[in-house]
Amino acid sequence: MTSPKRTLSGSVLAGIRWTAPLAMAVLCLWALDARVGLPSLQELGETLSTIPTWRWFAALLATAVSFWALGRYDTVAHRHLGTGFDGAPQGPRARRAGMAAIAFSQTTGFGLITGAYARWRMLPGLTALQAAQITALVGFTFMVTLAAISGAALLINPVLPGMGWLGAALIAGFVAALAGSFWYPSLRIGKLKLRWPSLIAMTALLGWTALDVIAAGTALWILLPTGLEVTWASMITVYFIALGAAILSSAPGGAGPLELTVCALLPGTETSVLLGALVAFRLVYYVVPASLACIALLLPRKATLSVGPPQEEALIGTQRRAAHQLPAERPNAEAAIIAQNGGHLQAFGLNQLAMLDSPQCSIALFDPVSGHLPETLPLLAAHARRRNASACLYKCSARTGLAARGVGWKVLRVAAEAVVHPATFSDSGSSHRQLRRKLRHAEKAGVTILPAHVSLPIEQMAEIDRQWQISHGRAHGTTMGQFEPGYIAHQRIFIAWREGRLDGFITLHQTPKEWCLDLMRLRPDAPDGTSHALVRSAIAAAAEENVPRLSLAAVPDHRWAHRVDDGLRRFKSCFAPTWEPRYVAAKSWAHMALSLVELLRLVHRPDAVVPAPEASRHIAPTADNLSREDLAGHALHNELEDYAFALNGSP
């Protein structure tokens with residue numbers, strides 16, 4: 001049962017929320033009248049009559065430009081929230097709804113409520129919740145981008161002494177907000193998860209905000225009567241700040257705060273004439289758009305529109321498929337990394353990509369799983385554009401890189417993949433001298449390598465992974481595998497044993513035509529050469545199963561690669577592999593830079609591992625610190641018996 005006291009307090013708070021904006025408007029108008037005196041109706045009429053007709057039409061044209069930009073603003077917001085109203089045929093209606101919503105809400109006030117109602121009313125198929133989300137997103141991001149633009153204007157043209165510092169502070173705050181949204185792309189408040197707009201979205205919003213506010217400020221400047229000495233730059237800067245004050249006040253039409261701020265920042269002008277120009281501006285920028293918006297809102301609401309992907313992509317069968325639907329017969333075994341990084345299989349008809357949609361980018365990993373790349377690239381770019389994201393290919397082959405360059409994409413070499421051919425691999429020769437030495441060290445230390453056939457000593461493997469991370473730091477992710485029982489259960493695994501203890505293991509992605517090294521984990525005190533012995537055993541097993549290609553995965557290979565620890569390259573060089581170049585491709589150099597920075601963030605600050613579906617391999621718990629006597633006596637009834645049987649049967 002609701003307490004009467006709580007009900008009363010809620011009613012009081014609701015009353016304050018509704019009356020505070022009106023009180024703010026009255027207070028500002030009172031302060032303006034007390035300071036300079038409000039002009040009479042006769043004075044206002046005289047001021048309006050002195051404005052030439054051509055200025056009224058020029059101001060209307062500037063107003064049209066401003067609202068056109070606001071409509072584009074809504075398109076970016078619809079893409080961010082994924083409502084489906086950003087493309088044809090819904091896109092133009094969404095833009096008109098955005099223009100009408102802003103025209104209606106900026107005049108009536110209470111923008112979240114009135115703006116959400118207008119969008120819901122004019123967009124059949126848009127839910128009330130989506131309309132409220134669009135309105136809140138537009139309002140919040142508009143204030144953020146307006147602050148940045150106002151800061152730049154104050155730095156360039158400070159209207160009062162000392163306001164340049166305010167401009168610098170606003171720009172610094174905007175840059176800090178962008179950096180924070182990049183490194184922490186989502187915010188969780190209880191059960192609510194908020195996702196910040198991408199950098200591409202914020203760049204677009206910044207541009208549309210600048211066009212909107214500059215056009216609106218220009219309309220006000222055009223309506224200034226002849227003889228009022230205010231430069232265009234000063235008027236634009238003042239309007240930026242006054243608009244921010246008006247929006248924060250939530251007063252209907254910003255009445256009061258807008259006028260008070262303009263008059264305060266232009267103290268040397270004739271106030272009565274300036275107020276007359278502001279009245280003219282309100283007629284052009286508020287009354288005319290609001291009247292058109294009301295007409296649109298009064299029209300009958302049309303039937304619900306079907307919302308879906310753009311028509312041209314629907315015809316070829318755009319489809320998002322789960323990671324476990326990745327085909328076994330695929331050109332790149334490493335594409336299975338999408339099973340734990342939140343990726344998916346994206347199909348554009350017969351063209352399929354192993355895709356990862358991050359907050360900033362749509363990343364197609366490696367070469368296409370199937371299809372024709374020149375057909376795929378425009379569709380990949382369209383997919384990214386619908387998410388306000390950048391499109392890129394990552395770690396693609398030279399052939400794919402050339403095809404991307406052929407259609408105008410920018411291509412950059414970033415890595416080299418080490419590849420061996422198991423059928424012809426041999427330890428002999430001078431190129432494998434270091435490998436033979438490492439293998440002898442492991443053999444003398446008593447290291448035995450066994451493949452995981454039936455069950456996994458998962459607890460010991462998890463402990464080794466924990467020790468490895470203590471020694472090497474947090475494991476990288478996203479494009480590199482991380483330890484997770486369900487994930488590794490789908491892989492080919494080789495385990496190093498010594499004196500009844502697990503010393504390390506490796507895992508490999510597998511397809512009938514390729515194995516690819518993924519995880520490599522060793523105890524800190526594992527004997528020298530253990531990792532070499534693990535990989536050498538994997539190569540031998542691949543040869544027995546007629547797997548033609550085994551990839552040792554890639555290492556950095558660019559102009560700054562020498563600054564990265566080259567221990568991994570030295571390790572892989574022991575196997576004398578063939579080094580195949582790998583590339584990243586993007587539509588432009590700006591998208592390339594954004595994609596590379598996003599990939600760095602994803603690798604060094606990976607999201608939580610997505611648990612993989614259960615595999616057929618049995619994962620059994622084991623005891624730690626097992627002794628040689630335990631194995632020799634065959635006393636343990638667990639998975640170690642499987643390894644003992646395999647050991648007895650090995651040559």
Locate the shortest heavy-atom distance separating T141 from P197; write the atom from each residue and the value. CG2-CG, 4.0 Å
Looking only at atom types and distance, does a side-chain atom of N341 sit under 3.5 Å from a main-chain N or O of T478, one as donor and one as acceptor? yes
Take atom NZ of K395 as the centre, draw a 6.0 Å sphere, and report whether it contains more than 12 heavy atoms from other residues, nucleotides or ligands. yes
So how far is it from C396 SG to F366 CZ, rounded to the nearest 0.5 Å? 10.5 Å
Would you call the rings of W120 and Y117 parallel, tilted or perpendicular, where under 30° means parallel and over 60° means perpendicular? tilted
Heavy-atom closest pair, residues A100 and A293: O-CB, 3.5 Å
Would you check if I200 and H591 make a side-chain contact, meaning some heavy-atom pair closer than 4.5 Å? yes
Step-by-step side chain to side chain contact (heavy atoms under 4.5 Å, CB included) determination, M122 to R93: CA-CA 8 Å; M122 293 190 65; R93 294 196 64 177; 5.9 Å; no
Quick one, V584 and L393 - any side-chain contact, counting heavy atoms below 4.5 Å? no
Are the aromatic ring centres of Y73 and F67 under 6.0 angstrom apart? no
Smallest heavy-atom separation, S105 atom then G115 atom, equals CB-N, 3.8 Å
Derivation of the side chain to side chain contact (heavy atoms under 4.5 Å, CB included) call for W232 and I214: CA-CA 10 Å; W232 178 81; I214 290 173; 3.8 Å; yes
So which atom in S181 and which in L178 form the shortest heavy-atom distance, rounded to 0.1 Å? OG-O, 2.8 Å
Is a side-chain N or O of Q360 found less than 3.5 angstrom from the main chain of L199, in a donor-acceptor match? yes
I51 CD1 to F281 CZ distance, which is reported to the nearest 0.5 Å: 12.0 Å
Is there a side-chain contact between I171 and L155 in this structure, where contact means two heavy atoms from C-beta onward sitting under 4.5 Å apart? yes
Which of parallel (below 30°), tilted (30 to 60°) and perpendicular (above 60°) describes H604 and H476? perpendicular
To the nearest 0.5 Å, atom CG of D74 lies from atom CZ of R79 at 12.0 Å
Just by modelled atom types, is the A277 backbone N or O under 3.5 Å from a matching donor or acceptor in the R282 side chain? no
Taking the six-membered ring of Y184 as reference, does the NZ or CZ atom of R605 fall below 6.0 Å from its centre and within a 45° cone about the axis? yes
Heavy-atom distance under 4.5 Å between the side chains of R601 and P359, does that happen here? yes
Minimal non-hydrogen separation, C392 against A586, with atom names: CB-CB, 4.3 Å
Would Q340 and Q482 satisfy side chain to side chain contact (heavy atoms under 4.5 Å, CB included), going step by step from the backbone distance to the final call? CA-CA 8 Å; Q340 74 162 203; Q482 293 178 278; 3.5 Å; yes
Are any of the side-chain nitrogens in R320 or D357 under 4.0 Å away from the carboxylate oxygens of its partner? yes
Would you check if there is a donor-acceptor pair between the side chains of S66 and T63 at a distance under 3.5 Å? no
Ignoring hydrogens and geometry, is there a side-chain-to-backbone donor-acceptor pair from Q130 to T127 under 3.5 Å? yes
As an exercise, state the distance from CG of L205 to CG of L146, rounded to the nearest 0.5 Å. 12.5 Å
M480 side chain reached by V603 side chain, heavy atoms, under 4.5 Å: yes
CG-NZ distance between L412 and K410, expressed to the nearest 0.5 angstrom: 12.0 Å
Side-chain heavy-atom pair R474, Q469 within 4.5 angstrom cut-off: yes
Main-chain N/O of A116 paired to T135 side chain as donor or acceptor, under 3.5 Å: yes
H80 and its side chain to side chain contact (heavy atoms under 4.5 Å, CB included) partner, picked from M202, R387, R195, Q133: R195
Give the C-alpha distance, both sets of side-chain angles, the deciding distance and a yes or no for side chain to side chain contact (heavy atoms under 4.5 Å, CB included) between V144 and F142. CA-CA 5 Å; V144 172; F142 185 85; over 6 Å; no
Nearest heavy-atom neighbours spanning A77 and V138: CB-CG2, 3.9 Å
If we only count heavy atoms from C-beta on, is the F85 to L123 side-chain gap below 4.5 Å? yes
Give the C-alpha distance, both sets of side-chain angles, the deciding distance and a yes or no for side chain to side chain donor-acceptor pair (under 3.5 Å) between W196 and S186. CA-CA 6 Å; W196 303 120; S186 61; over 6 Å; no
With ring centroids as reference points, do W208 and W68 lie under 6.0 angstrom apart? yes
Do S291 and I295 have side chains that approach each other closer than 4.5 Å (heavy atoms only, starting at C-beta)? no
Charged N to carboxylate O below 4.0 Å: is that the case for R582 and D557? no
Flag the pair R72 and D212 as a salt bridge only when some basic side-chain nitrogen lies within less than 4.0 angstrom of an acidic carboxylate oxygen. no
T218 side, atom OG1; Y239 side, atom OH - distance, nearest 0.5 Å: 10.0 Å
